[in-house]
Amino acid sequence: MVWNNHENSNMSDQHDVSTQSAGTVTVPDPHRRRLLKQLGIAGAAGTTAASAPAWGGSTLLDALGGFFQDQYQRMSPSEIEAALARIERKAKRDLGVDIHCDNTPPQAGVVFGYALNVSRCRGYRDCVQACIQENNHGRDPSSTAYIRVLELDHGQMNLEQADQYYDPETVPVPGKYYLPVQCMQCADPPCVKACPVEATWMEPDGIVVVDYDWCIGCRYCMTACPYWARHFNWKQPTIPADQVNPDTHYLGNRPRPVGVVEKCHFCIQRTRKGRLPACAEACPTGARVFGNLLDPHSEIRYVLANKPVFQLKSELGTEPKFWYFTD
Amino acid sequence: MIRPVTLCFPLVYLILTMAGVASHAADPQAGFQGYPEAPAFTVLPREAPLKNYPCMRCHDFLKVKTEPRQLRAPHPELDHGAGRFWCLECHDPENRNSLRTTPPIATNSNEIHTLCGRCHATQERDWYFGAHGKRVGLWQGEREILDCVRCHNPHQPAIQPRKPQPPPAVRSGLERPAGRPEPVVPIWEQAVDGLEQPREQQHE
Ligand code: SF4
Ligand code: SF4
């Protein structure tokens with residue numbers, strides 16, 4: 001990989017930088033951006049503990065540290081730690097909540113897959129609500145949601161004819177069926193190819209993630225995604241303090257800034273710790289099957305081997321790791 | 001030299017097999033043994049214990065009446081099997097505490113799937129392997145799943161329609177599309193001239 005050398009040298013450069021004061025950092029790398037970044041980080045890290053009330057907490061230092069923050073994959077462990085601490089402080093300032101933000105790494109030998117039983121789905125949208133709460137989406141009326149449930153006529157597969165705003169007294173409506181759509185975690189994701197700054201990539205466990213701090217908000221990825229799975233934050237998401245989920249992940253459900261793109265990440269903050277995604281947990285009909293594609297005894301492998309499965313728009317060759325099945 | 005103990009094993013095995021003890025498959029009384037190749041699981045117990053269990057508290061004193069009729073409370077209304085069913089399809093007439101499976105299980109058992117699976121065998125198989133039903137908690141490690149009766153009321157097993165959660169918001173500055181998408185008229189409801197012709201003419 002291109003980043004390997006880069007990352008190693010970066011790590012040795014950055015080692016113990018927090019113990020040095022900003023004035024005495026010697027920078028072996030002539031790269032200007034790195035110099036600035038190191039200064040920023042050293043400054044932020046060196047004065048984190050000390051209070052600077054004149055600036056309303058450590059806002060200025062955090063702003064500096066954030067400005068010089070590198071892309072996630074290129075950050076050294078100490079840089080990531082500083083970034084996580086900044087996220088936690090920012091949540092405290094903005095939302096008034098003590099959150100915990102980590103960067104739990106992928107598990108070895110695990111690639112996540114999802115299968116959804118179309119014959120069981122009844123269009124309740126319980127998964128949508130669970131996702132909004134789990135993933136710290138804004139609660140104001142125009143905020144984003146990762147899952148769209150499409151209502152389609154029997155005998156139809158034309159997504160242009162689908163209705164995502166259905167709201168009858170009771171579902172399922174006779175003659176209709178329901179097709180929840182979210183990020184398919186494509187094995188060959190066009191969104192990743194479209195991003196001009198490498199703010200989005202596929203992790204080793206198959207989850208396509210976004211570094212919200214590196215995203216420039218150009219929305220190229222949104223046009224590249226064939227499944228309408230990416231969502232843009234037109235406004236700063238606002239969440240009442242008592243509704244914030246404090247258990248967050250850097251690449252997952254941490255509070256996002258305005259002007260960046262986000263998408264379903266298979267509840268990375270839960271699934272990397274062995275838990276089921278919030279949508280699977282919320283589904284009252286058991287239509288959602290989640291698991292490890294590399295485990296031959298997993299439930300999802302049974303579904304793939306024994307049920308009639310299909311992928312959405314499989315002709316595009318994006319190889320979704322999200323299957324639909326019927327029984 | 002062969003020791004007597006070594007000789008004993010085949011002998012004991014033979015006797016046991018003939019008695020139908022050693023091999024479950026040979027014994028019809030042992031009933032369905034599940035799918036050994038399915039991943040191991042624990043069934044989460046009922047949320048609340050059955051209210052009127054044990055049934056024999058009352059039924060011990062009541063005569064067994066087998067003709068189907070409308071039952072009063074505390075018996076639930078039955079809407080299972082499209083009118084072809086009656087209590088005694090599942091409940092043992094002689095011992096109301098148990099259900100009619102092989103071997104019989106208690107009505108408040110956590111193994112209800114063995115009863116449901118007598119008719120719904122494909123669903124039961126899928127449930128064993130995880131394609132039907134619901135796993136809770138972790139995708140990794142111990143597999144905890146819900147039994148049939150956690151989602152289906154055994155007396156009215158169809159899941160009832162209900163109000164969906166609110167629809168998604170429309171992004172500020174945009175408007176929700178007026179009206180719903182044009183419904184598609186299925187081909188079988190469209191008038192197709194060619195389909196009206198008698199078969200004989202098409203063959204000529
Ligand atoms: S569904 Fe869309 S956002 Fe998700 S990986 Fe595929 S192209 Fe990317
Ligand atoms: S919006 Fe962000 S993630 Fe999407 S292509 Fe642009 S920079 Fe990349």
Side-chain angles (χ1 to χ4, degrees), chain A residues 107 110 112 115 117 120 122-126 128-129 140-145 148-149 153-156 158 160-173 232 234-235 271 273-277 280-281 283-286 288-292 297-300 302-303 306-307 325 327, chain B residues 35-41 120 122-123 125-148 150-152 158-190:
Chain A
Q107 297 185 22
V110 172
F112 291 120
N117 191 340
R120 296 275 164 260
R122 299 167 70 85
Y124 294 146
R125 286 205 194 94
D126 282 0
V128 180
Q129 282 306 313
D140 52 278
S142 67
S143 47
T144 58
R148 262 179 248 255
V149 186
D153 291 303
H154 279 174
Q156 285 296 317
N158 183 356
E160 301 293 324
Q161 290 281 345
D163 182 10
Q164 61 158 327
Y165 298 112
Y166 67 88
D167 194 23
E169 266 317 298
T170 59
V171 283
V173 175
F232 187 68
W234 292 91
K235 292 199 292 191
T271 50
K273 294 175 182 160
R275 295 172 70 199
L276 284 166
E281 197 170 272
C283 178
T285 68
R288 289 166 169 270
V289 180
F290 181 84
N292 180 7
H297 305 295
S298 64
E299 289 132 329
I300 181 139
Y302 175 81
V303 168
N306 293 283
K307 294 286 168 190
F325 70 104
D327 59 14
Chain B
Y35 294 87
E37 64 280 25
F41 58 87
H120 306 283
T122 38
Q123 279 84 351
R125 186 200 58 210
D126 285 348
W127 176 83
Y128 265 92
F129 288 93
H132 184 107
K134 191 167 154 77
R135 180 175 182 160
V136 291
L138 306 176
W139 64 264
Q140 196 171 32
E142 195 188 355
R143 182 173 165 226
E144 292 183 317
I145 57 177
L146 303 184
D147 210 351
C148 316
R150 283 286 284 262
C151 303
H152 301 278
I159 310 270
Q160 296 307 311
R162 70 159 164 86
K163 180 84 185 150
Q165 299 280 353
V170 183
R171 172 159 72 75
S172 50
L174 294 185
E175 274 172 22
R176 182 179 292 192
R180 296 164 58 82
E182 202 61 16
V184 181
V185 183
I187 193 94
W188 54 91
E189 285 177 16
Q190 295 170 14

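Within every chain, numbering begins at 1; the chains are lettered A, B, ... in the order of the sequence lines, protein sequences first and strands thereafter.
The distance between the ring centers of W127(B) and Y35(B) does not fall below 6.0 angstrom.
The side-chain tip of R125(A) points at the ring of Y166(A) from less than 6.0 angstrom away and within 45° of straight on.
Side chain of S298(A) to backbone of G291(A): no donor-acceptor contact under 3.5 angstrom is found. A donor-acceptor pair under 3.5 Å is formed between the side chain of Q160(B) and the backbone N or O of A158(B).
In this structure, the portions of E169(A) lying under 4.5 Å from any heavy atom of chain B include both its backbone and its side chain. Looking at R143(B), the atoms closer than 4.5 Å to chain A (heavy atoms on both sides) all sit in the side chain, from C-beta outward. For chain B, no part of R148(A) is nearby; none of its heavy atoms comes within less than 4.5 Å. Proximity to chain B is limited to the side chain of R122(A), based on heavy atoms less than 4.5 angstrom apart. The contact between V289(A) and chain B is made entirely by side chain atoms (from C-beta outward), counting heavy-atom distances below 4.5 Å. Only the side chain of V110(A) has a heavy atom closer than 4.5 Å to any heavy atom of chain B. When heavy atoms are compared at a cutoff of 4.5 Å, A280(A) approaches chain B solely by way of its backbone atoms N, CA, C and O. Only the side chain of D327(A) has a heavy atom closer than 4.5 Å to any heavy atom of chain B. The contact between Q129(A) and chain B is made entirely by side chain atoms (from C-beta outward), counting heavy-atom distances below 4.5 Å. No part of T144(A) comes within reach of chain B, as not one of its non-hydrogen atoms sits under 4.5 angstrom from that chain. Using a 4.5 Å cut-off between heavy atoms, Y124(A) touches chain B through backbone and side chain atoms alike. With a threshold of 4.5 angstrom between heavy atoms, F232(A) does not approach chain B through any atom at all.
The nearest pair of heavy atoms linking V128(A) to A145(A) is CG1-CB, 4.3 Å.
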Where do L146(B) and V136(B) land on the side chain to side chain contact (heavy atoms under 4.5 Å, CB included) test, with the steps shown first?
CA-CA 8 Å; L146(B) 303 184; V136(B) 291; 4.2 Å; yes

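For chain A, the option among P167(B), A169(B), P39(B), G130(B) with the highest count of heavy-atom pairs below 4.5 Å is P167(B). Between chain A and the options K163(B), K134(B), R162(B), R135(B), heavy-atom pairs under 4.5 Å are most frequent for R162(B). Of the listed residues (P168(B), A131(B), P164(B), P166(B)), the one with the most heavy-atom contacts under 4.5 Å to chain A is P164(B). Ranked by non-hydrogen atom pairs under 4.5 Å with chain B, the options T271(A), V303(A), D140(A) are led by T271(A). For chain A, the option among G137(B), G141(B), C151(B), A38(B) with the highest count of heavy-atom pairs below 4.5 Å is G137(B). Each of N158(A), I300(A), V173(A), D153(A) has some count of heavy-atom pairs under 4.5 Å with chain B, and the biggest count is that of D153(A). Among Q123(B), E37(B), R125(B), the residue making the largest number of heavy-atom pairs under 4.5 Å with chain A is R125(B).
Rounding to the nearest 0.5 Å places CG of D126(B) at 13.0 Å from NE2 of H120(B). Distance check, rounded to the nearest 0.5 Å: CZ of F325(A) to CZ of R120(A) gives 8.0 Å. The SG atom of C283(A) sits 9.0 Å away from atom CG of N117(A), with the distance rounded to the nearest 0.5 Å.
Remark: R288(A) engages Y114(A), Q182(A) in a side chain to side chain donor-acceptor pair (under 3.5 Å) (not counting sequence neighbours). Considering only residues two or more places apart in sequence or on other chains, Q165(B) meets the side chain to side chain donor-acceptor pair (under 3.5 Å) condition with D126(A).
A perpendicular orientation is assigned to the rings of W139(B) and F112(A), their planes being inclined by more than 60° (bins at 30° and 60°).
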